[in-house]
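Since the structure comes first, as structure tokens, the remarks are kept for the end.
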Amino acid sequence: MTVEALSRAGNGPAFIPVDIGHDVYAAVTDPNTAFWALVDKTRIHEEITGGPLLDSYRAKADSFARELHALRFELKPSGVYLNPTERCNLNCTYCYLPGEQRSNGSHMPPETLNASLGKLRDYFRSVMPEERKPRAIFHGAEPLMNKEAVFSAIDAFSEDFVFGLQTNGTLLDDAALEFLTSRNVSIGLSLDGPFAGITDATRKTWGGKSVHDKVLAAMKKLKGYGSWSVITTCTTENLPYLTQMVELFHASEVPTCMLNTVRCTLPGARGVKPADGDMAKSFFAAMDRTHELYRETGRKLIVANFANILIGILAPTARRLMCDISPCGGGRAFFALAADGGLYPCSEFIGLPRFNGGNLLAEGGVEAALASAAFQTVTTRDVDTFSPCGDCAIRHFCGSPCPAEAYEMNGGMEKTGAFCEFYKEQVNYALRLIADGKANDYLWDGWDGDTETVFNHALN
Amino acid sequence: MQQTKSKQHPQTAATVSAAPAPIIAVRKSCNPDGIGLSHYVLMDKKVAK
């Protein structure tokens with residue numbers, strides 16, 4: 001947009017035009033409030049320089065700015081990632097946890113885990129409404145390497161937390177599945193390929209054995225359970241197979257999956273990092289396939305990481321994941337507890353000692369960690385303040401994740417994350433879906449049940 | 001016009017040719033208290049099994 005056009009628009013919030021690659025529509029955004037509109041692209045100049053849309057938006061801009069500010073800076077933690085062990089029975093290429101910890105690390109003793117959950121319960125009670133429970137996700141390394149402690153804790157604190165478990169699936173025997181499903185624990189698995197040869201490229205035991213069939217067996221047993229998901233980490237190794245991945249997931253009645261870009265925090269992951277353009281091409285082919293499958297069967301496979309981008313556009317405060325916003329959720333919406341009792345903004349930082357905010361069971365506990373310099377380094381990372389994000393029209397639909405990557409891979413918190421161009425394409429794709437009236441096909445049924453419409457230009 | 005597209009520019013599966021409305025602009029809002037995790041999506045549904 002030219003300076004002349006901005007001048008004609010007068011004082012106050014203004015629009016930035018964005019080419020989304022649609023036949024009919026272009027977008028205009030005000031990135032300061034995460035506002036967007038789709039306009040006939042033959043009329044974009046008129047919409048930017050004045051008229052009913054700009055007038056309607058300006059009447060609401062202050063309230064949108066307040067909403068976004070509250071979302072970005074005023075949340076209190078409501079979730080914790082619990083790492084009950086440093087150990088993992090797999091040696092995945094891209095893991096963000098150091099290999100020495102995963103191979104020779106320690107378990108958190110059961111009594112320490114229980115003491116930790118007690119302290120966390122007290123903390124969350126002090127900051128959350130009484131009617132809501134905090135979320136506690138057992139995470140890894142592989143949490144089921146310390147199964148007895150984990151299961152004991154789930155039973156001891158069943159009234160205090162909503163529990164989830166992210167596992168590689170290899171230790172999910174029938175007894176473990178019965179324990180977890182009977183207690184309504186949300187279960188996340190990991191699988192990287194539609195067949196063993198692809199999964200094995202990145203996810204194997206320390207001895208090099210395949211775990212593909214074990215994960216498939218766990219998926220088969222979870223079929224029909226209401227609360228499970230599967231994560232695929234997208235790398236150079238499996239990118240050509242993402243469409244087959246979603247076909248496998250849909251056939252297996254996986255309710256929700258994630259097709260996450262590999263996190264490039266540690267050097268091992270960077271060796272399998274796909275180029276942004278390749279990632280976009282394969283990812284959108286897979287997304288298109290999920291839509292075809294939905295049209296063919298009437299059953300959705302939700303790709304949660306993309307659904308979150310879409311929801312972040314349609315209803316910023318309704319998003320479920322807090323990677324795609326700046327500051328991200330690490331250290332403010334949630335935090336992570338390492339097996340040694342250390343507190344980190346997110347599990348992604350556990351291999352990086354400089355981000356240790358202190359020990360949970362030490363004096364000060366969570367509050368001290370939240371106020372620590374280690375956490376503040378992450379929680380003050382603000383895309384408004386550094387280039388090129390500060391001038392980006394979609395910066396609050398993206399958030400430039402992930403700060404761990406930005407710091408370790410790109411050289412600082414005021415750097416972009418690892419997949420800037422891919423994020424732009426995701427937002428364009430999402431806006432095209434909205435333009436075509438298809439957005440709800442990619443979202444959980446009833447996703448907006450607790451929302452109210454606060455802007456609808458047709459009604460203004 | 002800001003280009004947020006890279007060289008790769010895949011289209012959606014089926015792009016309509018006629019515009020249903022000259023402008024589409026919708027925003028929804030809700031209480032954000034307690035939202036959000038990162039690596040893990042918590043499925044809140046009750047067990048169907």
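For the numbers below, each heavy atom of this structure counts, side chains included, while hydrogens, waters and symmetry mates do not. Naming: A, B, ... by sequence-line order, numbering from 1 per chain.
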Look at the side chain of A/Thr317 and the backbone N and O of B/Pro32, then say whether any donor-acceptor pair between them is shorter than 3.5 Å. no
So, the side chain of A/Arg43 versus the backbone of B/Ile23: is there a donor-acceptor pair under 3.5 Å, distance only?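 Such a contact is absent between A/Arg43 side chain and B/Ile23 backbone.
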Sequence neighbours excluded, which residues qualify as salt bridge (Lys or Arg N to Asp or Glu O under 4.0 Å) partners of A/Asp450? none
All salt bridge (Lys or Arg N to Asp or Glu O under 4.0 Å) counterparts of A/Lys41, not counting sequence neighbours: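 Testing A/Lys41 for salt bridge (Lys or Arg N to Asp or Glu O under 4.0 Å), a comparison that skips the adjacent residues, returns none.
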Atom group of [X] that falls short of 4.5 Å from chain B, counting heavy atoms:
X        : result
A/Glu47  : side chain
A/Glu452 : both
A/Ile44  : side chain
A/Asn305 : neither
A/Phe64  : both

Look up atom CD in A/Glu67 and atom SG in B/Cys30, then write down how far apart they are to the nearest 0.5 Å.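 It is 8.0 Å, given to the nearest 0.5 Å.
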For [X] against [Y], the heavy-atom pair lying closest together:
X        : Y       : value
B/Ala25  : A/Leu53 : CB-CD1, 4.2 Å
A/Trp36  : B/Ile24 : CZ3-O, 3.4 Å
A/Ala34  : B/Arg27 : O-NH1, 3.0 Å
A/Val454 : B/Ser29 : CG1-CB, 3.8 Å

